[in-house]
Every structure is written in C-alpha cells, then in structure tokens.
Number of protein chains: 2
Amino acid sequence: MIMEPRLYTTSADYVYQELRHQIITKQLKPGQRLPEVNIAVQMGVSRTPVREALRRLASEGLVLIIPNSGARLASPTRREMEDTYAVREQLECISVAIAATRISERNLRRLEDAILEEEKAFEEKNLELYLEINENFHRIIAEASGNRVLADFVENILARTNAYVVFYDPFYDIEDNPSIAQHRAIAQALKEREREKAVDLMREHLKHSFYDLNKPS
Amino acid sequence: MIMEPRLYTTSADYVYQELRHQIITKQLKPGQRLPEVNIAVQMGVSRTPVREALRRLASEGLVLIIPNSGARLASPTRREMEDTYAVREQLECISVAIAATRISERNLRRLEDAILEEEKAFEEKNLELYLEINENFHRIIAEASGNRVLADFVENILARTNAYVVFYDPFYDIEDNPSIAQHRAIAQALKEREREKAVDLMREHLKHSFYDLNKPS
DNA sequence: GAATTTATGATAGCATGCATGTATTCATGT
DNA sequence: ACATGAATACATGCATGCTATCATAAATTC
C-alpha cells in the first residue's frame, strides 16, 4: 500500500506525525514505554524534537509523562473513554449548532468532498486514511463554527478519540457501518440550516461511535 | 508585598510560572515579542526550558508561536474573548452539573475554604492571589465532576481566561464585586445537590464575569 | 532472614554550540 | 523617491555532552 507522503516542516513535527502513525497502525502498544533515545535513534533525529513531540502527544492525552521518569503510551480505561466522549459530545454539539447558522457554501462543499473520500477509503479498507478523513469531517464543522477556541479544543479531542479507536480495536463491519450515512445526514441538515436536527444527528452519531468502540472485537 | 514562594520541580516549570506571573502583573504586554534568549538570560536558565514553557503557554492560547520566527504574547481580540467564554460556559456548566450529583464532602469543604481565602485576597487587593484562588474554585468543581478529561479542558480554559482578565484590565469595584457571592451561591447549590440551580448560577456567574471584562476600565 | 542502606545503571533535564531559516537594512538601479 | 535585491544581523531548530534524579539491585546490618 502506498502511503500518503507525510508533509512536515520540522523534525519535531515529523516525529509527532510518525508517532501518531505508529499508534494508529498498532506498532506501539498501550502502556508501552517510550524512551526518548529509542525513538530518536529509530527516527534518525536527536532527542530534542522527540521530547517536543512527546509533550504534544501528552497534551492530547495519548502519552503519559512522568517527570524524571519518562513517557509511556496511554492505556485508557473504558471509563476514560466514556469521559472523553462526554466532553466530545458537548464540544461537537455546540460546534454543529453554531455551524448550522453560519456555515459557508465552501465548507458545505468541503463536507461533501470529505464524505466521498471517506467512502472510498472505507471501501479500500484503509483504516488510517479513513480515520484521517473522518477527523477532517468533524474538523470542518468545528472551523465552520467560526469559534477558533472551540475549533482548537475539538482538534484536541479528535486527536484523543481517533487514537482510542485503535486502542480499542473495533470491528468495522463493512456491510453495516452507519457512520458515513450519519455524516451525510449531518451535512444535509447543515445545508438546510436545520440547527436542532443537526445537533440531534451529531449526538446520535457520537453515541453510536462510542458504542461501536465497545462492541466485542 | 511578600510573594507566595513558587514551588516548582523543574526549570521549565519555573519559567512557565514566572512568565505567567509576569503576564498577570502586566510586566509583559499583549503582542510583545518573546525571544527565547532574552527570557533565558533574564531568568538565568538556558533556552531549552524556555522553549518548553513557551510551547505550554501556546497550548493555552496565551502565546502565539510562528515557526522559525518566534513567540509573542497573545493579544486577544474581543471576539476571541467571546469565543473563549462561550467554550468555558459549555465546559463549566456540564462540569457543575455532574459535580452536583457526586461531589464529596471533602470537596465541598475545599470550596468553602476557597471562598474564605478569596474574600481575604480581595480585601487585601491582591489581584494575583485573588485570581489564583478564583481559579481554584472552578478547578475544584471540575475535579469533583470525576471526569478527568473534562477537568483537563477546564484547566486549560481557566489558564486562558484568567490571563485575559489582565489583558483587558477590568476595574474591580471593591464595593460591588458579586463574584464571591455567586461562588457562595454555587457552593450552596452543590451542597444541596440542586443540579439545575447550580448550572443556572454558574451560567449567570460566567456571563457576569465576561461582562465585567468589557466594562470601561 | 528481613529490612534498611548503599551502590550502580539508566533516563530525563538542562546547557551550549552549530546550522538553518527569517527579518531588517542598506545599497543599487530605474 | 521608490522599488528591488543582496548582505547582514538575528532568532529559532536541532544535535550533543553533561548533570541530576529516579529505579533497580546488591550489600550490609540488625
């Protein structure tokens, strides 16, 4: 499989993206220790950018840093996941509510594009790409709210939840994944400026996503 | 005035706290450039911990980092403040709602203690201390929700808003600052497990705080 | 033999020097 | 006078060596 070429401006950024990649592709396991030197050597950079990437991941809850002791990959409990989704629901519902009143034509088109790409990635069973575009869908809505702070927070919580998806290794039934249909419904509601409807659909969508995570895999 | 001794474990932590201190005490001005070397020399440490502190402040929206160019202190517009408070309202209302159902006796006592300290700091006109304890009040409620992720997010948004207080230089009328009375009312509602009431009071409290920021100073 | 102390190894935290990229200034030409 | 471009100063990004701290294991004492 040909990977999308990773774009990055700095080494720290590269390490950050690479670590996320390794998390998504399960090369790293929950709770695993992440010594700076190991990562530095493996990625051919020095410890400095590694430290920076680890702290960024820590701010997203994906990595746990114990002062003077080291970093390890998070191993979220079911409880932590519930908590995360509770926050995500709050943020995304307000996000979609505001977006419903002020989303631009351009962003509506971006949403539709995202849905198309999403279908493609899903059919190709490219989980990493699918997650990335899924993230994009939600990101576009957050941006469309016009509230920059809200968008930042949504960004953070997306980083958390999409990694959790992998930690909990859900079974995606190719015959029955309602997620994309739900996205389409949300996009439609936004297009029609149906605020309440969009919020309800989003809430339903997130509840379902969370439920999916907890299905036996 | 005798300052509370700052406790810190690492140099990076020291720089972080010291920078926040300088922001709160208006030694730094919105939009001001923050070159790593200057800060490093001034604080008697190397650039490394300074970089770390700056990035942490950036994650709290207090500092803007432009890659390869440098960091500067944020200069939030009124719009950004509105946005921040909108998010804060969401997070704190859900926070207090959950806390109302499960706050412990111990945390109720901590709330009361915070209110007492707060009154003292206000009477002494110690703005920095007052802000710190004010922050504590909200932090305790967030922790009492039992949702760690939520508490993290509240922590982040508290860091933002309390610096904004200084950026916008509000006039605190010593005769008429309803904030502490509002805190007392919220604590009372929590004690009585009056969920809806606590949420309404919190919303009112935040609306008022935001309004205060926008009074002519 | 258990507990406490001591030694040893390993890792994060910090300082510093070098490389790279950016902003400013000044010269040059139109 | 203004625009353009080169040169210079400056700040960040990264690498590397050193130091402080923590965890583990060995040793000594009771």
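The sequence lines fix the lettering, A, B, ..., with proteins before strands; numbering per chain opens at 1.
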Applying salt bridge (Lys or Arg N to Asp or Glu O under 4.0 Å), can you list everything that pairs with Lys207(B), at least two apart in sequence or on another chain?
Glu89(B)
Who passes salt bridge (Lys or Arg N to Asp or Glu O under 4.0 Å) against Arg102(B), sequence neighbours left out?
none
To the nearest angstrom, how far is Arg72(A) atom CZ from dA23(D) atom C1'?
12 Å
I'd like to check the ring-ring contact (aromatic ring centres under 6.0 Å, His included) partners of Tyr16(A); sequence neighbours left out, ordered by chain and number.
none
With sequence neighbours excluded, what pairs up with Arg20(A) under the salt bridge (Lys or Arg N to Asp or Glu O under 4.0 Å) test?
none
When you check every protein heavy atom under 4.0 Å of nucleotides 9-19 of chain C, what one-letter string (B, S, -) results, 5' to 3'?
--SBBSBBB--
List for me each residue that meets side chain to side chain donor-acceptor pair (under 3.5 Å) alongside Arg72(B), sequence neighbours excluded, and say none if there are none.
none
